[in-house]
Amino acid sequence: MTTTVADLLLQRLIDWGVNTVFSLPGDGINGLYEALRTHQNKIRLILVRHEESAALAACGYAKFTRRLGVCLATSGPGGIHLLNGLYDAKSDGQPVLAITGHTYHDLIGTHYQQDVNLDKLFSDVAAYSERVMGPAHVVNVVDEAIKTAISRRTVAHLTIPKDIQDWSAEDQRSKGNVPQHSGDIYSDPLPLPPRTLLDKAAAMINAGSKIAILAGRGCLGAKSEILQLAEMLGAPIVKPLLGKGVVPDDHPLTTGGIGLLGTAPSQEVLEACDTLIIAGSSFPYLEFYPKPGQARAIQIDLDAARIGLRYPVEIGLVGHCWDVLRALLPLLQTRSDRAFLNQAQGWMTQWNELMEERGTRMDSPLKPQVVVRALNEFIADDAIICCDTGTVTTWVARHIKIKGEMEFSASGTLATMGNGLPYSLGAGIAYPGRQVVCIAGDGGFTMLMGELATLVKYALPVKIIVLKNNLLGMIKWEQLAFEGNPQYGVELQPIDFAAYATACGATGLTVEDPDQVRHVLRQAFAIPGPVVVQAVIDPFEPPLPGKITTAQAWQFAKAMARGTENRWDLVKTLVKNKIREVI
C-alpha cells in the first residue's frame with residue numbers, strides 16, 4: 001500500500017502522542033479520512049455534528065487533560081466553522097491544533113468551489129498557521145505547529161490541499177531540507193525568578209497587613225501551595241471563574257468567586273486589602289480589582305507579557321505558580337494577626353447563609369439556584385463540571401461546591417454560548433470512567449444540541465441539566481441592569497428538551513416542582529447513559545451581582561420606568577430576594 005502525504009501527517013501526530021481527533025468529514029479532507037481509517041487502531045476519530053463543536057470539544061479536552069487537543073475540518077465553510085471554538089482555546093490559553101483541508105493546490109486563488117484562504121483567515125486566532133506544500137514539508141510543519149501550540153498554550157493551524165493529501169510520500173525534497181532533521185519532542189520551560197526578586201516580593205508581602213490572594217487557572221496545579229500561602233499570611237483566597245477548582249469552595253480560607261458571578265465577600269476583600277498577590281490569573285474585569293494605588297501588588301504568571309496587564313503591580317515573578325510559590329514560601333513570615341481573615345470569614349458566613357436560603361427555596365415557580373444547589377448531593381468527588389455561558393454561569397459559580405478532585409471549566413475570557421455540551425464531549429472522551437456533568441441554559445444548549453446525538457453514539461453517560469426559562473436571560477438582565485433599557489429580542493420559542501433527548505436516543509426527564517428536584521436528579525444519575533434533565537425555572541429570577549452598585553440600581557429603576565414588560569413580576573421577585581436597593 002502506497003504511503004501518502006495524509007499518512008505521513010497522521011503518523012506524525014501519533015508520534016507526538018495524539019490519540020483523539022474531533023472532526024466532521026468533507027470533500028476537502030477525504031485523503032485525511034482515509035488515513036484516519038487505516039490508522040484507527042492508534043488514533044480515534046470522534047465524529048461531531050458541527051465543526052464548531054469539534055473545536056470546542058478539542059478545547060475542553062485540552063483543559064481537562066492538560067494535553068494537546070486536535071480538531072479537523074474540511075475546506076471553506078468547514079474551516080470557518082472552527083473559528084469560534086478556536087478563539088475560545090486562544091482566549092483561555094489552551095493548546096489546540098486545527099487541521100483543515102483546502103482546494104486543489106493548482107486552483108487556489110481562482111475562485112474555485114470552497115476556495116477560502118484559510119491560512120490567512122486563521123492568522124489571528126493561530127500563533128502558527130501554515131499550508132502543507134508537499135510530502136517533504138509535512139513532518140517539519142507538524143512539529144512546528146505542535147510545539148507552538150504547547151509552548152505558547154494557544155492555537156496552531158495547518159491546512160493541506162485535497163490533492164496533496166493523496167500524493168505519494170516518495171517526493172523530491174529541496175537540498176536544504178535534510179531528512180529527519182526535525183524532532184518530535186517538547187521541553188517545558190521551568191523559569192524561576194532570581195533570588196533578589198523573590199526577596200523583594202517577600203519583603204513587600206511581609207510588610208502588608210491586609211493581604212488578599214487572587215488565584216486563577218494558573219494555580220489549578222498549585223492547590224497545596226496556595227493553601228499554605230493563605231494559611232501563613234491569614235490571607236483570603238479570591239477565585240476568578242476559571243480558578244474555581246483551585247481550592248474547595250467550602251474551605252475557610254476562600255471567599256469564593258469574584259466579578260458579576262462572584263460573592264459580595266470577595267468584592268469586600270479586594271476593596272479593603274492593602275496587598276494583593278495575583279497568581280496565575282488574567283481576570284479581565286478591571287472594575288473589580290482594588291483601585292490603582294490602594295494596594296501594593298505582586299503578580300505570578302508563566303507569561304511575562306501578562307505581568308501588569310490588569311493591575312499596576314510592583315513586582316512580577318515569572319514562572320509556574322507552584323514552582324514560584326515553593327521558592328517564595330520559605331521567605332515569608334507566618335503572621336499571628338488574623339483580623340482581616342476573620343473579618344472575611346464573617347462576611348462569608350453571612351453570604352453562605354444567604355445562598356443556603358436562596359438555594360433551598362420551595363416556592364414556585366422553580367428557582368434555578370435550587371436545581372443547581374441540589375446537584376451537589378449527586379456529584380462525585382472527582383466529577384468534571386462543564387458550564388455553559390449565560391445566567392446559568394451565575395448559578396453554577398455560586399452554588400456548585402467544588403470538593404475533592406473535582407474539575408470545573410467554562411468559557412472564561414471569550415464567554416461563548418454553546419460551549420457546555422462540546423466541553424462535556426471532550427471530557428467524556430478523555431475520561432470515560434469519570435462522572436461528567438454539563439449545566440446549560442436553554443439558549444446555549446440549543447446552539448449545538450446536535451452533540452447530544454454524539455454522546456449517544458459514543459455511549460458517554462454525561463448528565464445534562466438544562467435550565468429552561470425560554471429566555472436569553474443574561475442579555476435580558478444586562479439590558480435592564482446595565483443599560484437601563486426594557487428587555488427586547490430575548491424571548492425564545494419553547495422546546496421540549498426531554499422529548500428531544502428521547503428522540504436522540506438519550507433519556508429525557510422534566511422537573512418543575514421544587515419538591516421533586518432531588519427525586520428527578522437521583523433518577524437521572526442512576527441511569528447509565530446520557531440523560532437530559534429539563535428544569536423549567538422562574539424567568540424572573542435575577543442573576544444580579546453579589547454587590548449591587550448605585551449605577552446598576554439606577555439603570556434598573558430607569559428600565560422599570562420605561563415600561564419593561566412584566567416589570568411588577570420583576571419587582572416582586574427582587575423584593576422577595578431582599579435586594580431592596582435595586583428598586
Side-chain angles (χ1 to χ4, degrees), residues 209-215 226-227 230-231 233-241 243-244 246-274 276 283 285 287-290 294-295 337-363 367-377 391 393-403 477 481 514 538 541-553 556 572-583:
S209 60
K210 296 181 178 180
I211 305 170
I213 301 167
L214 185 65
I226 286 291
L227 288 174
E231 180 62 40
L233 302 177
I237 301 168
V238 175
K239 301 188 296 181
L241 184 62
K244 183 173 174 64
V246 171
V247 298
D249 279 309
D250 62 356
H251 199 285
L253 290 172
T254 185
T255 53
I258 186 63
L260 294 174
L261 314 175
T263 72
S266 285
Q267 189 59 42
E268 298 284 0
V269 164
L270 291 189
E271 289 178 3
C273 70
D274 63 20
L276 177 63
F283 175 67
Y285 297 105
E287 63 270 29
F288 291 96
Y289 287 83
Q294 170 200 317
D337 182 0
R338 290 295 200 257
F340 187 50
L341 177 61
N342 291 339
Q343 185 179 34
Q345 289 171 335
W347 293 331
M348 201 60 190
T349 297
Q350 294 178 322
W351 176 265
N352 285 334
E353 289 172 355
L354 179 62
M355 290 301 101
E356 177 68 19
E357 175 190 331
R358 292 187 183 165
T360 56
R361 290 168 58 180
M362 290 295 107
D363 51 325
K367 307 305 176 188
Q369 60 267 41
V370 171
V371 180
V372 175
R373 196 171 189 86
L375 278 169
N376 291 302
E377 182 179 333
T391 54
T393 322
T394 301
W395 314 126
V396 171
R398 292 180 182 169
H399 292 278
I400 288 293
K401 299 300 182 184
I402 294 295
K403 58 185 177 182
W477 288 103
D538 184 358
E541 187 68 11
L544 293 173
K547 187 174 181 181
I548 309 299
T549 67
T550 302
Q552 289 161 356
F556 182 84
K572 284 190 292 184
T573 301
L574 290 166
V575 170
K576 285 182 181 179
N577 287 350
K578 300 179 182 177
I579 313 177
R580 299 184 183 275
E581 62 266 39
V582 178
I583 55 173

*Counting distance only, does the side-chain N/O of Q294 pair as donor-acceptor with the main-chain N or O of D274 below 3.5 Å?*
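Absent.
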If every non-hydrogen atom of [X] is compared with every non-hydrogen atom of [Y], which pair is closest and at what distance?
| X | Y | value |
| --- | --- | --- |
| F340 | S209 | CB-O, 4.4 Å |
| V246 | A215 | CG2-O, 4.1 Å |
| W351 | T263 | NE1-CG2, 3.4 Å |

Indicate yes or no: at least one non-hydrogen side-chain atom of [X] is less than 4.5 angstrom from one of [Y].
| X | Y | value |
| --- | --- | --- |
| L270 | L276 | yes |
| Y289 | L214 | yes |
| Q345 | L341 | yes |
| L253 | I213 | no |
| N376 | R373 | yes |
| M348 | P236 | no |
| L260 | F288 | yes |

With a 4.0 Å cut-off on N to O distance, would you call [X] and [Y] a salt bridge?
| X | Y | answer |
| --- | --- | --- |
| R338 | E231 | yes |
| R358 | E541 | no |
| K367 | D538 | yes |

Spacing of [X] atom [atom1] and [Y] atom [atom2] [to the nearest 0.5 Å]:
| X | Y | atom1 | atom2 | result |
| --- | --- | --- | --- | --- |
| E271 | K210 | CD | NZ | 12.0 Å |
| W395 | Q369 | CH2 | CD | 4.5 Å |
| L233 | I211 | CG | CD1 | 4.5 Å |
| N352 | E357 | CG | CD | 13.0 Å |

*Results of salt bridge (Lys or Arg N to Asp or Glu O under 4.0 Å) for K401 - residues two or more places apart only*: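 Expected list: none.
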*asked:* Listing request: all side-chain hydrogen bond (donor to acceptor under 3.5 Å, both in side chains) pairs with a residue in residues 248-259, at least two apart in sequence or in separate chains.
replied: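 Those involving residues 248-259 are K239-D249, K244-D249, T255-S266.
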*Intermediate values then yes/no, side chain to side chain contact (heavy atoms under 4.5 Å, CB included), L241 and T393*: CA-CA 9 Å; L241 184 62; T393 322; 3.7 Å; yes
*Could you give me the CA-CA distance, side-chain angles and deciding distance for I258 and Q267, then say whether side chain to side chain contact (heavy atoms under 4.5 Å, CB included) is met?*
CA-CA 6 Å; I258 186 63; Q267 189 59 42; 3.3 Å; yes
